Every structure is written in C-alpha cells, then in structure tokens.
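What you see is a predicted model, and the numbers here were worked out from it, not measured in a lab.
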Amino acid sequence: MENQNNLKKHFRVLSVQSHVVSGYVGNKSACFPLQLLGLEVDFINSVQFSNHTGYKVIKGQILKSEELHDLYEGLKANELLNYTHVLTGYVGNETFLTKLSEIIQDLKQINPDIFVVCDPVMGDNGVMYVPPEVLPIYRDKLIPLSDLITPNQYEAELLTGIKIKSRENITSVMDAFHEKGVKTVILSSVELENSEKLHLFGSSILKNSKSLVSMDIPKLPSSFTGTGDLFSALLLAWMAKTDGDLKLSCENAVNSLQCVLKRTLDYAERKSKSVATMELQLIQSKNDIENPPSCTRSVAPLKIAHILAMSSMAKGCVFVFLVCFALASYAADQGSDSDQCLVYRKGYPAYYTCIIKCFQFVLGFEDSTASFCIGLGSIQNNEMYSSKKLKNETE
C-alpha cells in the first residue's frame, strides 16, 4: 500500500541513461513507467541510437561530457534543478561518468535529501560491454554517492571483487556496498548453484534499522533487453511511493516486470521470435505497471543471516535453539496465577507451540514482530485460562 503522506508529495526525477528511437531500453524503458506511477521525469540521453545493440545495424550519437555539462548549466541557470531523485543507467565512457558524478555532487549541495538510484550498467554473464576504465569511477565515485544501487550479479562481483556462488557470499557483497555508504542494495537476477530460479536479494539500512529481503523468480525461456532499466525505474517509483518499504517495493517491481516479460514472450511466440518482436511490450502492460499483481512474493529474511553465514553451521543452529528455548521459557512463565492458568502452563502442547512461534520469530518466517507478540500472547489469551474473560462473561 502506498504511504498516504507520499501521495501528496511531488517527485521529480532526473534520468541519465541511453536512448533509442525504436524499441525499449534505457530512458525509453524507464520514463514511461515512472510517469505512469505519478513521477515527473526529465531525461538526458547518454547516447542516442536508432535501436539497441542486438540489431545488426546501429546508428546514432554519443553525448560528450562537455555537452552534458552544457545541458546541466542551462538547467542550473534557469533554476530548474528542483529534483527529488536521480536515476543513472548506461554510460559508455569514463569522462562522461566522471562529469555525471560531479553533477550529482552539485545536486546534493542544492538538495541534501535528493535520492540517487544507480544502475551500474557494465556487463552481464561474464562479459563487460563498457571500457574497463569505467569500473573504478563507478566503484570509487558514483557508488558512494548513491542511496540505492541495482547491480546484476556480474556487476556486483566486479565492484566488490567477491565471487557470488552461494547465499553466504550475498551478505558479504551487500555489506561491502553498505560500507561505501549505500543505504539500499538490490542484487537482481542472481543465479546460484543448484538452483533453477533467479534470485533477488535486498538489504536496506534506513532510520537506524536494517531490512533484508529475498525473492525467488521464475526463469523465462528467453533473453530480453531493457529489463534492468525497467526494473530500476519501477523500484525507484515504489520506494518513493511507499516511503522506503523494501519488501513491498521489490514485490511490486518484480511482479510488474514479470508481467511485461511474459506478455513480451507471448507476443513474440505468436508473431515468430525475432529481435524486433522481443522488444518489451511496455505500453500494453500499462495496467500491470499501475496495479502490480501479487504473483511472486518475497521470502521473509533470516534474522540470523550473519550467524548462519559463519563457517560452522552447527554454532548457528545451537544459538538459534538456545534463543528459542529462552524465549519460550520466558513466555511459558507469563500469565495469570489462577489455578487454570497454572495447569495450562504445564501442558506440553502449549509449550511446544510457543517454541515454534519463537523459531518463526528468530528465523524471520513471519512478516513482522507483531506475529511474535501474538505468539507469546497466545498462552495468556487462551480461553482455557482467561479467568478475567470468564468472569466478565458471567457478570
């Protein structure tokens, strides 16, 4: 659900990434969903091509860093820099990316609360499609200026130097980004060994509280272009509209994206698959962008993720058991001193139920700590020994 206070806010985004005349990648993929979800968008095209690079012929222009500077100075001279968000995508050379980093620093001077979303587009599936000189600029300049980043698996590995092979590596990668000052890290389209699905992992440190989220995403039997640009835009929009609700924002973004991809694949298979027919069916997915379905839901994070990431799984398991045992013991000792209550608290089923509830809380299987409170309160509120309730009913 959208934050009611944010419904009254005016969000204005500066999006700097690629553009194509035909098709949907870069700004062509990002601007429509942002506007559809109620955000105002100004955009600067880092490149302007006839079509994306999957076609046999590409024609167009690359914006130079001097030209980017001129555009920004024009906006500044006319006092048009009242942005709430910045979104960055594909940038193909180091001088442009350096200038963009300087512009973001200047925007932060104008509005210290500006929210910067960086999709560090560098490559995928082990292949880098930007000059290697771009990597240190992302790592050392743009990433530390960002509030939210959305690297894919390969890009996250390049930026941190940590190879992602298992869930244990995920924690290390996200913490490495947090140490650079990034508040929210979303690792999209992660492929793990012995898994047939794609995975999303997110970590957010906002208002002195850390939130974790993960999602298992069905793989579709095809390759798409513009999906990362669309995902980053959707995530930006929903993080703004929900006041930083990581779980809901990821669910909405992923579910809308999955609808677009399925519609695109269905269309391509009906029309005969080609580069052209595999262009995202973005306009046709208007309703799914505005009203994301609840197809794929996030998996509640492990609240003891850092413990389980230790080399010794046994230590983590023992710790969990001890915590649950302590919590269960405490809960079982609470309640009324009536005879009924004393008898009930000796009942093994209630005690085991309490242990289960504690496991659910510690491992994060429930949506919120409220469920834990309900779990502990179930002994006190049980009709068997709620003498106060019986007394009131009798009266």
Side-chain angles (χ1 to χ4, degrees), residues 1-11 13 15 24-41 84-85 87 89 115 117 119 147-150 152 184-190 197-204 206 211-220 222 224-267 278-301 367-368:
M1 183 178 290
E2 296 178 28
N3 187 299
Q4 294 300 312
N5 293 329
N6 284 356
L7 292 175
K8 301 175 183 178
K9 289 184 179 179
H10 179 72
F11 299 114
V13 183
S15 178
Y24 293 97
V25 298
N27 274 325
K28 277 287 289 288
S29 185
C31 291
F32 176 69
L34 284 169
Q35 292 167 329
L36 201 56
L37 290 170
L39 286 75
E40 193 114 21
V41 187
T84 59
H85 294 75
L87 173 62
F115 193 88
V117 178
D119 181 8
D147 296 282
L148 188 157
I149 62 172
T150 59
N152 60 31
T184 303
V185 181
I186 305 295
L187 304 181
S188 61
S189 60
V190 175
K197 293 185 176 182
L198 293 174
H199 305 275
L200 175 147
F201 295 95
S203 175
S204 186
L206 297 173
S211 301
L212 300 171
V213 68
S214 67
M215 296 182 72
D216 297 331
I217 306 167
K219 281 185 183 179
L220 296 176
S222 194
F224 303 87
T225 54
T227 54
D229 310 318
L230 174 57
F231 175 72
S232 296
L234 290 169
L235 195 58
L236 184 159
W238 284 111
M239 286 288 282
K241 290 163 71 70
T242 63
D243 197 23
D245 188 322
L246 181 67
K247 179 178 181 292
L248 182 56
S249 297
C250 286
E251 287 178 350
N252 286 347
V254 167
N255 285 320
S256 289
L257 178 59
Q258 284 289 298
C259 288
V260 174
L261 298 185
K262 288 174 183 176
R263 184 172 286 106
T264 300
L265 186 57
D266 289 344
Y267 175 81
M278 283 296 291
E279 293 281 7
L280 297 180
Q281 294 286 292
L282 203 58
I283 307 302
Q284 296 81 353
S285 304
K286 173 181 178 293
N287 185 59
D288 292 318
I289 293 170
E290 291 180 295
N291 305 289
S294 299
C295 304
T296 305
R297 301 189 69 82
S298 61
V299 179
D367 288 338
S368 68

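Not a single donor-acceptor pair under 3.5 Å links the side chain of Ser204 to the backbone N or O of Ser211. Of the possible polar contacts, none joining the Ser203 side chain to the Leu212 backbone as a donor-acceptor pair under 3.5 Å is found.
Closest heavy-atom contact between Met239 and Leu246: SD-CA, 4.1 Å. The two atoms that bring Ile186 and Gly202 nearest to each other are CD1-CA, 3.8 Å, heavy atoms only. In this structure, Gly26 and Asp229 approach most closely via the heavy-atom pair N-OD2, 2.7 Å. Closest approach of Ala237 to Leu37, counting heavy atoms only: CB-CD1, 3.6 Å. Taking each heavy atom of Val185 and Leu187 in turn, the nearest pair found is CG1-CD2, 3.9 Å. Minimum interatomic distance between Leu200 and Phe231 (heavy atoms only, all atoms of both residues): CD1-CZ, 3.5 Å.
To the nearest 0.5 Å, atom SG of residue Cys250 and atom CG of residue Asn255 are 10.5 Å apart. Of the inter-residue distances, the one linking Glu279 atom CD with Thr225 atom OG1 reads 5.0 Å to the nearest 0.5 angstrom. Taking CD of Glu290 as the reference point, atom OG of Ser256 lies at 10.0 Å (rounded to 0.5 Å). Considering CZ of Arg263 and CG of Asp288, their distance stands at 4.5 Å, rounded to 0.5 Å. A distance of 9.5 Å separates CG of Leu257 from OG of Ser188, quoted to the nearest 0.5 Å. Taking CG from Leu34 and CZ from Phe11, the interatomic distance works out to 12.0 Å, rounded to the nearest 0.5 Å.
Residues that satisfy the salt bridge (Lys or Arg N to Asp or Glu O under 4.0 Å) test with Lys197, not counting sequence neighbours, are absent from this structure. For Phe224, there are no ring-ring contact (aromatic ring centres under 6.0 Å, His included) partners, not counting sequence neighbours. Take Lys219 and apply the salt bridge (Lys or Arg N to Asp or Glu O under 4.0 Å) test, not counting sequence neighbours, and it matches Glu191.
Using a 3.5 Å distance cut-off with no hydrogens or angles, the side chains of Asn27 and Ser15 do pair a donor with an acceptor.
Two residues are said to be in side-chain contact when any heavy atoms from C-beta on lie closer than 4.5 Å; Pro292 and Glu251 fail this criterion. Residues Leu220 and Lys262 have side chains in contact (heavy-atom distance under 4.5 Å, counting atoms from C-beta outward). A 4.5 Å side-chain heavy-atom check between Leu148 and Thr150 finds at least one atom pair inside the cut-off. Looking at heavy atoms from C-beta onward, Leu265 lies out of side-chain contact with Leu261 at the 4.5 angstrom threshold. A heavy-atom distance below 4.5 Å is found between the side chains of Ile289 and Leu282. Annotation: side chain of Leu235 is not in contact with side chain of Thr184 (no heavy-atom distance under 4.5 Å).
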